[in-house]
Novice: 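Please find one structure pasted underneath; my questions will follow.
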Amino acid sequence: MAESEAPRATENRSTTPVSSTFKQYISEHWAERADALPQPREQAPFAAARRAAISALHPGKRLIIPAGAAKTRSNDTDYAYRAHSAFAHLTGWGSDSVAGSVLVLEPTPDGHDATLYFREAAGRDSDEFYANPEIGEFWTGPRPSLAHVAADLGLATRELGALGAVIEAVDADTVILRDGDRDLTDQVDGRRLLAADTESLETDADAELARNLSELRLVKDAYEIRQMRLAVAATKQGFDDVIADLGEITAHPRGERLVEGTFNRRARAEGNTVGYDTIAASGPHACILHWTRNDGPVAAGDLILVDAGIELDSLYTADITRTLPVGGTFTEVQRRVYEAVREAADAAFAIVRPGIRFRQIHETAMAVIARRTAEWGLLPVSAEESLDPAQQYHRRYMVHGTSHHLGIDVHDCAQARRELYLEGELEAGMVFTIEPGLYFQPDDLTVPEEYRGIGVRIEDNILVTESGAENLSIAIPRTADEVEAWLARNGRAG
Ligand code: GLY
Ligand code: MN
Ligand code: MN
């Protein structure tokens, strides 16, 4: 029987029989389960190498990396469970992670011993399996055994109840990933305050762990690169589906919702889910950078900006944007804007190779954006003057950055230091987006009327190679001509 105390739903509407006859009856006559142990999953040796890397950075420290609890959506319903990204990275456990699990790296003279604590399958000797709607097997499905997960992930496992002894042992040399699990962090903080006999806690070592875990993901290993390719390929299918459904989409008053639904159906079928809320932004909605309300129509004369990415079971996600002329062809001004954005993306991609600085990608894209908007007479100064850090008029039309790292999180490596991120040098194995855009708000009096309400973003997922770069999403049509041909193949009038 599981040692850890399991959560319970409120009792006020429970109809579970309480008679001892029932309890006895439901506990008996279940077949033995054959639990054939799996071979270690493909990611297991990669996760072991990542644990070794983090171990080397924190000698002599007990490291606690929680997966986190399920998050409440409302009342007694939760969001779909998603483990903390650092936990997933160090364990290789993805969408099949058990909520509330904790990875502990216990220091040894020559490194650390890793143990994964989780709530294993409850036996028939407990009433959890039928009476607990939150985690009971009859309610939410079976959980794996300790032996199964140990074999699957190549990691020592222990029942979650045994974590109590780890908490008891917490001392000043214990470090926790604070945003993994707030409740557990509070417990650890309490123990550390006691151990140090003080009222104020020093959390610098915790911040250093969070930073190191984030920086560990800046360069992807071979497994991660394979996953990114798969995520992009699945995402391409989602975009193809959206285009195939455009007839139905334009006929519906909430066409943007259908775009989201079509893409998300593909995401659920091919992977785990979407890596972030799908942006389906038609017409002027495309000027709202993170338009996820998606409740507008999709009209034939509009451009629709679709920013979407499929997250695989491993939790790696793509992050891709295409902007499509719904009727099949760009108007002259739509094409002008579109091709300027593409030129910015192509110019940025062209400089990517190991050794350049991450921020140069953005600077290169911005030089094109400044040049084109100046050429169209939109800026009060020349492109060169606008590019002066003290001026930046062109940024009115693209207020976001051009690139971010991508991986288990859509905005990956978010705690990495600026000197390794924006100011960092590119290395082979890094994966990031290049996503310039131009957004002319419908009420922007600085632009001629024909530009107003046009929003364009083109977003690709880029892998740095030893000699340069590879656009992982190049197979998704991206030039204006390719996009029109893609739509024409799907029956949109050319
Ligand atoms: N989908 C959010 C972004 O492109 O960063
Ligand atoms: Mn992005
Ligand atoms: Mn995006």
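Both counts, for ligands and for their atoms, begin at 1 and track the order of listing. Predicted, not measured: the structure shown is a model, and the values here were computed from it. No hydrogens, no waters, no symmetry mates; every other heavy atom, side chains included, goes into these values.
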Novice: Considering only heavy atoms of Glu459, which atoms of ligand 1 have at least one such atom less than 4.0 Å away?
Specialist: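 Every atom of ligand 1 under 4.0 Å from some heavy atom of Glu459: 4 (O).
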
Novice: With the Mn ion (ligand 2) at the center, what angle do OD2 from Asp319 and OE2 from Glu459 span, rounded to 10 degrees?
Specialist: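 Vertex at the Mn ion (ligand 2): approximately 80°.
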
Novice: Can you find an N or O of His290 that's nearer than 3.5 Å to an N or O of ligand 1?
Specialist: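 Among all N and O atoms of His290, none is under 3.5 Å from an N or O of ligand 1.
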
Novice: Any heavy atom of Val410 sitting closer than 4.0 Å to ligand 1?
Specialist: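 Flag not set, Val410 not near ligand 1.
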
Novice: Spell out, as yes or no, whether a donor-acceptor pair under 3.5 Å connects the side chain of Tyr79 to the backbone of Ala70.
Specialist: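 Side chain of Tyr79 to backbone of Ala70: no pair is present.
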
Novice: Would Glu435 count as a contact for the Mn ion (ligand 3), in the sense that one of its N, O or S atoms lies under 2.8 Å from it?
Specialist: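 So Glu435 does not bind the Mn ion (ligand 3) by this criterion.
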
Novice: Contact between His411 and ligand 1, counting heavy atoms under 4.0 Å?
Specialist: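 True for this residue.
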
Novice: Counting backbone and side-chain atoms alike, does His411 have an N/O/S atom under 2.8 Å from the Mn ion (ligand 2)?
Specialist: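 Given the 2.8 Å cut-off, His411 does not count as a ligand of the Mn ion (ligand 2).
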
Novice: Are the side chain of Arg211 and the backbone of Arg417 linked by a donor-acceptor contact shorter than 3.5 Å?
Specialist: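 Here the side-chain-to-backbone pair does not exist.
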
Novice: Between Asp302 and Ile304 (side chain of the first, backbone of the second, donor and acceptor by atom type, cut-off under 3.5 Å), is there such a pair?
Specialist: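 No; zero donor-acceptor contacts below 3.5 Å.
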
Novice: Decide, yes or no, whether a salt bridge links Asp240 with Arg489 under the criterion of side-chain N to carboxylate O below 4.0 Å.
Specialist: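 So Asp240 does not pair with Arg489 through a salt bridge.
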
Novice: Donor-acceptor pair, Thr77 side chain versus Ser74 backbone, under 3.5 Å?
Specialist: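 Judged by distance alone, yes, a pair lies under 3.5 Å.
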
Novice: For atom 3 (C) of ligand 1, what is the closest protein heavy atom, and at what distance to 0.1 Å?
Specialist: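 Protein heavy atom at minimum distance: Asp319 OD2, 3.4 Å.
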
Novice: With Arg178, which of Thr203, Asp189, Thr185 fulfils side chain to side chain donor-acceptor pair (under 3.5 Å)?
Specialist: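 Only match with Arg178 under side chain to side chain donor-acceptor pair (under 3.5 Å): Asp189.
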
